[in-house]
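Step one of this worksheet: look at the structure below.
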Amino acid sequence: MTRRPLSIVCLFLLLFLILGDWLGFSLVRENPLPVYLQQWVKEHPDSVIWGEVTSSRDTEFSQTVCLKKTYLIYKSKKFPIKNVKVFLKEKKEIPAGTYLMLSGKLEEVPLPCNPGEFNSRQYYACHHTYYFLKKASVKKQISGKRVSVQLLWDLREHLERILEETTGEDSPIFSAMVLGEKENLKEEVRFRYQMAGVIHILAISGLHISLLGMGLYEVLKKTGIGVSVSGIASLMIMVMYGVMTGGSVSAMRAIFMFLLAIGARILGRIYDLITALSLSAVMLLLESPAYLYDAGFLLSFGAVLGVAVVFPVMQKVTALKSKIGKSVLASVSVQITTLPLMLWFYGEVSLAGVFMNLLVLPTVGIVLLSGVMAALTGTVSVVIGTAMAIPGRVVLGVYEKLSMCVCKVSFCTWTGGKPELYQVILYYMILLFFIGVSVFRVKKGKKDFGIWIISVFAVICAVLVIGRKKSDFLEITCLDIGQGDAIAAQFPTGEVFVVDGGSSSKKKIGQYQLLPFLRSRGISYIDAIFVSHTDEDHISGIRELLDYMGKDLISLKAGNLILPEVLKKQEAWMELKELAEKAGVCVQTVNAGSVFSIGNGTISVLSPQKDATGEDVNEDAIVFLLEYKEFQGLFTGDVGEKTEKEILSNLRDIDFLKVGHHGSRYSSSMLFLEKILPEVSVISCSDSNRYGHPSKETVERLERVGSQVEYTMKSGAVTVITDGYRIKVRRFKDPEKRFSSS
């Protein structure tokens, strides 16, 4: 370490940023506006801003414009607000370098609302973007002089069109690999590559920069122009390539390291991988301290550390010399080093990736080079470009077939759940201990069986440490999915059931809310999915999950789908049944009197009645009572007063109530509430719904009977925790008031 002073500088910078963040200094989670102005923006979102356009892109629903050097205009004064992402009402031709004055609703980039959900605020903070301007209109537009970035974006769009013509249906993959454009990637491809552990090849990363950069350098050097000119030229081209492809953290890290590698060659110095990695980390963190908690930053640097530090130790321990053996060790080293990070950010890790990468890494250069040549030659001749794409398309076809096979294997991924911070620290302490002991014994010349025992023991201990520990409590989590319902319950013994999962205000909640939550909790199997009724705001996410299961796109499996037994079955009812059967999920129908045992709890169905027609899906929804020791929880779907009266005789005091129909005034009648006297009631709805949920009258009735009322729209996911006797409430958005007893 003393021979690498930059590594020490990097370590101290990391410690300084972590300590500063823990002490409350705005080093990592800064907001450029003064506190009083932040509060004003929250209270008065209609704002006017001024800034310079860095990029403009058309999306499926709107046009987005990114601004830099942005100012908030407040009382004729300008306040710097750094970068802002703008969502325009109407599409316009806006080249980079243009200066815009815009009006719209200024909102701080949102925080996640549920466990496991993607942290948009953290991601955008890395790019110094802290606010979105939504429903924006252009008030003033002034042409600028800066055209270099626009030329790169125009080139990118041109090459993307060429790839569409030359690579056919594989163009989204080529565009992702060559240009960093992932908007058009098919969902199935993304999911399959993720399960197979090769999703990294679809992002511009160190692999791409090293292949293209070093390849370009060697080609230029062979022309006889010299090492210096070849190095400088290739470096300039790779910097422009990094900017053109979006400047991801992994790409910028690779470009920094490429700069140092070329510099070492020009100066005739030795290139040190760890020193280059440390300097790259320092440069990126100084530019944006928010990278400290960024998944891309940590995984990119973690993977290189695995190759630079762990792999040499494992190679010395095992004394493997064959190419295949070294490749396996390198893949395992990266997996071991990044395992806690993968679980922390995604809750699961691909086990198949260790072996898939043995094939993918040696051949991905063929795909990349084929795509680059198709884009370049296709500009001259589409026929030649199409021919150049053939080798890459053949290899991609092999990837696709292998990924499909891998996804059918039940143990291709491990859903370990998000570990606690102490588990991550302990894991890396064990890993460092293994490295230290191994290096010491190898230096002493002791390559005996004892070092193998130490290695195996260290790996087993580390994996056991990082696995999510099961709770000793029953946990019922009402997720914040906007205007809708989504509930997941997990018993201490591991059994899981889900009640509904849909939203009318958010899209793809299965992909962006349900799956991340389940993975973060280490849940890979759902014993039962209860669908109270088939309104879209209760089933959209469930439909997604069943579709993914049927196509083998996710590792999550389910045992049973529980639907209401009604005479008139809606089209959505039949669709869910078909999707479940395709996914190998058993379909059951229930009505009043049905009883289930799950874990060490009992579920008693109270509705629908046995003669339910299904014409009124709300009133004929599934209502059930969960009993766990002395705890009782009531799940009411969207039923109103009519059904409440029908089931009243079967009820007594309860501990938890999922408030019916998102807090509608026509549900949770006084007669009903006075009979059940819920200790904790949770209302799930959007803070901007058009129905007026929750009703003021309903909230007053709940408070009148002494119930503690919780709202997903205010607190994010609300989790009710019980040992069967006492209950606690945990609010995801309320860390300083995280627990309250009832």
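Just so you know, these numbers use all the heavy atoms, side chains as well, and skip hydrogens, waters and symmetry mates. As the structure is a prediction and not an experimental result, all values here were calculated from the model.
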Extract all donor-acceptor atom pairs below 3.5 Å that involve side chains of residues 334-342 and protein atoms in other chains or at least two apart in sequence.
unit_1: Gln335; atom_1: NE2; unit_2: Ser350; atom_2: O; d: 2.8
unit_1: Thr337; atom_1: OG1; unit_2: Ser333; atom_2: O; d: 2.7
unit_1: Thr338; atom_1: OG1; unit_2: Val334; atom_2: O; d: 2.8

Handout entry: Minimum-distance pair of heavy atoms, taken over all atoms of Gly231 and Ile266
Key = CA-CD1, 4.3 Å

Tell me which donor-acceptor pairs under 3.5 Å the side chains of residues 367-378 have, and how far apart each pair is, sequence neighbours excluded?
unit_1: Ser370; atom_1: OG; unit_2: Met388; atom_2: O; d: 2.5
unit_1: Ser370; atom_1: OG; unit_2: Ala389; atom_2: O; d: 3.4
unit_1: Ser370; atom_1: OG; unit_2: Gly392; atom_2: N; d: 3.2
unit_1: Thr377; atom_1: OG1; unit_2: Met373; atom_2: O; d: 2.5

Handout entry: salt_bridge(Glu218, Lys221) N-O dist < 4.0 Å
Key = yes

Handout entry: Straight-line distance of Arg393 CZ to Asp170 CG, nearest 0.5 Å
Key = 4.5 Å

Exercise for the section: Decide yes or no for Gln315 and Phe311: does some side-chain heavy atom of the first lie under 4.5 Å from some side-chain heavy atom of the second? Expected result: yes

Handout entry: Tyr512 ring center within less than 6.0 Å of Phe118 ring center
Key = no

Handout entry: Heavy-atom side-chain proximity of Asn119 to Phe345 below 4.5 angstrom
Key = no

Completion exercise
Separation between NZ (Lys418) and CG (Leu421), nearest 0.5 Å, reads 9.5 Å

Exercise for the section: Flag the pair Tyr193 / Ile201 as yes when at least one side-chain heavy-atom distance between them is below 4.5 Å, and no otherwise. Expected result: yes

Practice task
Would you mind reporting whether Met252 and Glu287 have side-chain heavy atoms less than 4.5 Å apart?
Solution key: no

Exercise for the section: Nearest 0.5 Å please: distance from the OH atom of Tyr241 over to the CG atom of Leu216. Expected result: 12.0 Å

Exercise for the section: Report yes if the distance between the aromatic ring centroids of His128 and Tyr124 is under 6.0 Å, otherwise no. Expected result: no

Handout entry: Atom pair OH/CD of Tyr548 and Gln511 - distance to nearest 0.5 Å
Key = 4.5 Å

